[in-house]
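So the structure is just underneath, and the comments pick up after that.
Order of appearance sets the numbers: ligands from 1, and atoms from 1 within every ligand. This chain uses plain numbering: 1 for the first residue, then up along the sequence.
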Amino acid sequence: MYDVIIVGGGVIGNSIAFHLSKRHYHVLVIEKDTIGQKASGAAAGMLGAQNEVGADSPLSSLARQSRAMFPPLAEELKSLSGIDIELIHSGIIRLARTEEEAKQLKQAADRQQNSGEDAEWLSREQLKEKEPNLSADSMAGALYMPYDGQVNARLLTKALAHSAVKLGADILEHTEVQDFLTENNRITGVRTTTGTILANSVVTAGGAWSRDLLKKTDLALDVYPVKGECFSVYHDEHLMTSSIFSPGCYVVPKSGGRFIIGATQKPDSLDDSVRLDGLHSLIKRAIGLISELRNAKWEKAWTGHRPQTKNGLPYMGEHPDINGLWVAAGHFRNGILLAPITGSLMADYIEGKPVNDTFRLQQLSHKEVNL
Ligand code: FAD
Ligand code: GLY
């Protein structure tokens, strides 16, 4: 009998497991594949609290708090698991290709500065000075966000899982949760491909697959997959310091001369294949940004499925009809960034701690909508 079962061994499930284990809950993570093989293993690892989340978004405060949690988390995970999550504070540069984009990014810089963030508009000349390998002549300038760092997403997920285990959690891989067990509208456990397992609480953190699972409880969760294709290369030279972000293509410099280039966006697709049209468009755009990338050595390509929701906000809350059944899903493009705050917030919910209402992003309230 567990205190909490977590369905899904991605970054969200493992972050919740880590936070609950720190608070002495006996936790089991159940994963149908292996830990971190889905979206969380596919991610580029950018912590785009400013780049990806607008200052006026309801997610903005959460995103910034989560980004601030990374430095102490990286140390804690290192000491518990021995895994270095490769946290780097080298900023994200968002490029403006036209004067219109430049105008919008200058306004974004003003908004970010007004809300206390460090954000700097770079002219074409300043951009060239900062990142000499960028093809800056075709750019109208860029927005530089120095605190939007990055991590190794795969290692973050692994480190959270290993640290949770170190603190007493169990992990069950290659096991699919097929249904929930309830008694008098209260969760009692789950039915899996290898038998039933009992718990006082259950959290569904199944990423893009959460909708199918929650259908069993008549809850119409509007989470859907957005397929993303990425590839990675090696180059002997130091081509850039910051992550470079432009519509349709980003380049993230990793350790050891590795670069991740992403990512396509194909809604409603759970297809796992990498298609040449997606790769072709990414390669063309990446070389357009940094021409020296044409001499990079190929490593590999992959896909992942971002869990998106209709209004773009993740679900974090309790099931409206089943006490003790929780949901944490729908983090779309920012699940790596939002993993620390989601883990801590979900642990607060489950503990029954008073939680600031601005964090209750989207309560689960709709039932039996046409699926
Ligand atoms: P997943 O990682 O998909 O984990 C869900 C897990 O649940 C899966 O392992 C699945 O097998 C398991 N599962 C589902 N149903 C069941 C069941 N019934 N029984 C047992 N197990 C089950 N975010 C950022 O912050 N920064 C980035 O730079 C970034 N880049 C990205 C690039 C790409 C190409 C993609 C695809 C995503 C990117 N993201 C990024 C988004 C981020 O990866 C996701 O938001 C995040 O990984 C979602 O985590 P998750 O744990 O909810 O989902
Ligand atoms: N956040 C980057 C991506 O989802 O591709």
Taking the side chain from [X] and the backbone from [Y], do they hold a donor-acceptor pair closer than 3.5 Å?
{"X": "S243", "Y": "V252", "value": "no"}
{"X": "R94", "Y": "I244", "value": "no"}
{"X": "T309", "Y": "G330", "value": "no"}
{"X": "E229", "Y": "R275", "value": "yes"}
{"X": "T193", "Y": "T175", "value": "no"}

Fill in: Which segment of Y250 sits under 4.0 Å of ligand 2 when only heavy atoms are counted
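Side chain only.
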
Only heavy atoms of [X], strictly under 4.0 Å: list the atoms of ligand 1 that pass.
{"X": "R306", "value": "35 (C), 36 (C), 37 (C)"}
{"X": "W209", "value": "3 (O), 14 (C), 15 (N)"}
{"X": "A205", "value": "5 (C), 7 (O)"}
{"X": "Y250", "value": "30 (N), 32 (C)"}
{"X": "I12", "value": "49 (O), 50 (P), 51 (O), 52 (O)"}
{"X": "G304", "value": "36 (C)"}
{"X": "K38", "value": "3 (O), 8 (C), 9 (O), 10 (C), 11 (O)"}
{"X": "G45", "value": "27 (C), 28 (O)"}

Looking at [atom], what's its closest protein heavy atom, distance included?
{"atom": "atom 44 (C) of ligand 1", "result": "F332 O, 3.5 Å"}
{"atom": "atom 4 (O) of ligand 2", "result": "R306 NE, 2.7 Å"}
{"atom": "atom 28 (O) of ligand 1", "result": "M46 N, 2.8 Å"}
{"atom": "atom 30 (N) of ligand 1", "result": "A44 N, 3.2 Å"}
{"atom": "atom 46 (C) of ligand 1", "result": "G335 CA, 3.8 Å"}
{"atom": "atom 31 (C) of ligand 1", "result": "A43 CA, 3.4 Å"}
{"atom": "atom 7 (O) of ligand 1", "result": "G8 CA, 3.2 Å"}

Would you say [X] and ligand 1 have an N/O pair spaced under 3.5 Å apart?
{"X": "L337", "answer": "yes"}
{"X": "K32", "answer": "yes"}
{"X": "E31", "answer": "yes"}
{"X": "S40", "answer": "yes"}
{"X": "G13", "answer": "no"}

Quick check on [X]: does its [atom1] atom have over 12 non-hydrogen neighbours (other residues, nucleotides or ligands) under 6.0 Å away?
{"X": "E75", "atom1": "CD", "result": "no"}
{"X": "K32", "atom1": "NZ", "result": "yes"}
{"X": "E129", "atom1": "CD", "result": "no"}
{"X": "H238", "atom1": "NE2", "result": "yes"}

Name the option, out of [options], that contains the heavy atom nearest to [atom].
{"atom": "atom 43 (O) of ligand 1", "options": "G10, A39, S15, G207", "result": "A39"}
{"atom": "atom 48 (C) of ligand 1", "options": "P307, G36, A339", "result": "P307"}
{"atom": "atom 19 (N) of ligand 1", "options": "T204, V177, V29", "result": "V177"}

Worksheet item: By number and element, which atoms of ligand 2 are closer than 4.0 Å to a non-hydrogen atom of E52?
Response: 1 (N), 2 (C)

Discussion item. With heavy-atom distances below 4.0 Å as the criterion, list the atoms of ligand 2 near A263.
Written reply: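 Listed by number with element: 5 (O).
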
Looking only at heavy atoms of [X], does any of them come nearer than 4.0 Å to an atom of ligand 1?
{"X": "W302", "answer": "no"}
{"X": "T175", "answer": "yes"}
{"X": "C230", "answer": "yes"}
{"X": "R333", "answer": "yes"}
{"X": "G262", "answer": "no"}
{"X": "A329", "answer": "no"}

Discussion item. Is the terminal nitrogen or CZ of K130 (NZ for Lys, CZ for Arg) located under 6.0 angstrom from the six-membered ring centre of Y144 and within 45° of that ring's axis?
Written reply: yes

Worksheet, complete the sentence: Exactly one of S163, S344, P340 clears side-chain contact (heavy atoms from CB on, under 4.5 Å) with F18, and that residue is S163

Worksheet item: If every non-hydrogen atom of D271 is compared with every non-hydrogen atom of K227, which pair is closest and at what distance?
Response: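 So the two residues come closest at OD2-NZ, 2.9 Å.
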
Response to the item:
Tightest non-hydrogen contact, residues C249 and L289, listed as SG-CD1, 4.2 Å

Item to complete: Could you walk me through whether R258 and E299 pass the salt bridge (charged side-chain N to carboxylate O under 4.0 Å, His left out) test, one step at a time?
Response: CA-CA 9 Å; R258 184 168 178 255; E299 189 197 21; 2.7 Å; yes

Item to complete: Could you tell me whether N334 and ligand 2 have an N or O pair separated by under 3.5 Å?
Response: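 No, N334 has no N/O under 3.5 Å of an N/O on ligand 2.
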
Worksheet item: Side chain or backbone of F245 under 4.0 Å from ligand 1, or both, or neither, by non-hydrogen atoms?
Response: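 Near ligand 1, F245 shows nothing, with every heavy atom at 4.0 Å or more.
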
Fill in: I30 and ligand 1 - part of the residue with a heavy-atom distance under 4.0 Å
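For I30, the contact with ligand 1 is made by the backbone alone.
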
Item to complete: Hey, can you tell me if H305 and W209 have their rings parallel, tilted or perpendicular (30° and 60° cut-offs)?
Response: perpendicular

So, [X] and [Y], do they make that salt bridge, N to O below 4.0 Å?
{"X": "E117", "Y": "R64", "answer": "yes"}
{"X": "K22", "Y": "E76", "answer": "yes"}
{"X": "R67", "Y": "D148", "answer": "yes"}

Item to complete: Quick one: do D348 and R23 satisfy salt bridge (charged side-chain N to carboxylate O under 4.0 Å, His left out)? Show the steps, please.
Response: CA-CA 10 Å; D348 285 349; R23 301 180 195 190; 2.7 Å; yes

Fill in: Check: F231 ring centroid to W298 ring centroid under 6.0 Å
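Distance test on ring centres: under 6.0 Å, yes.
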
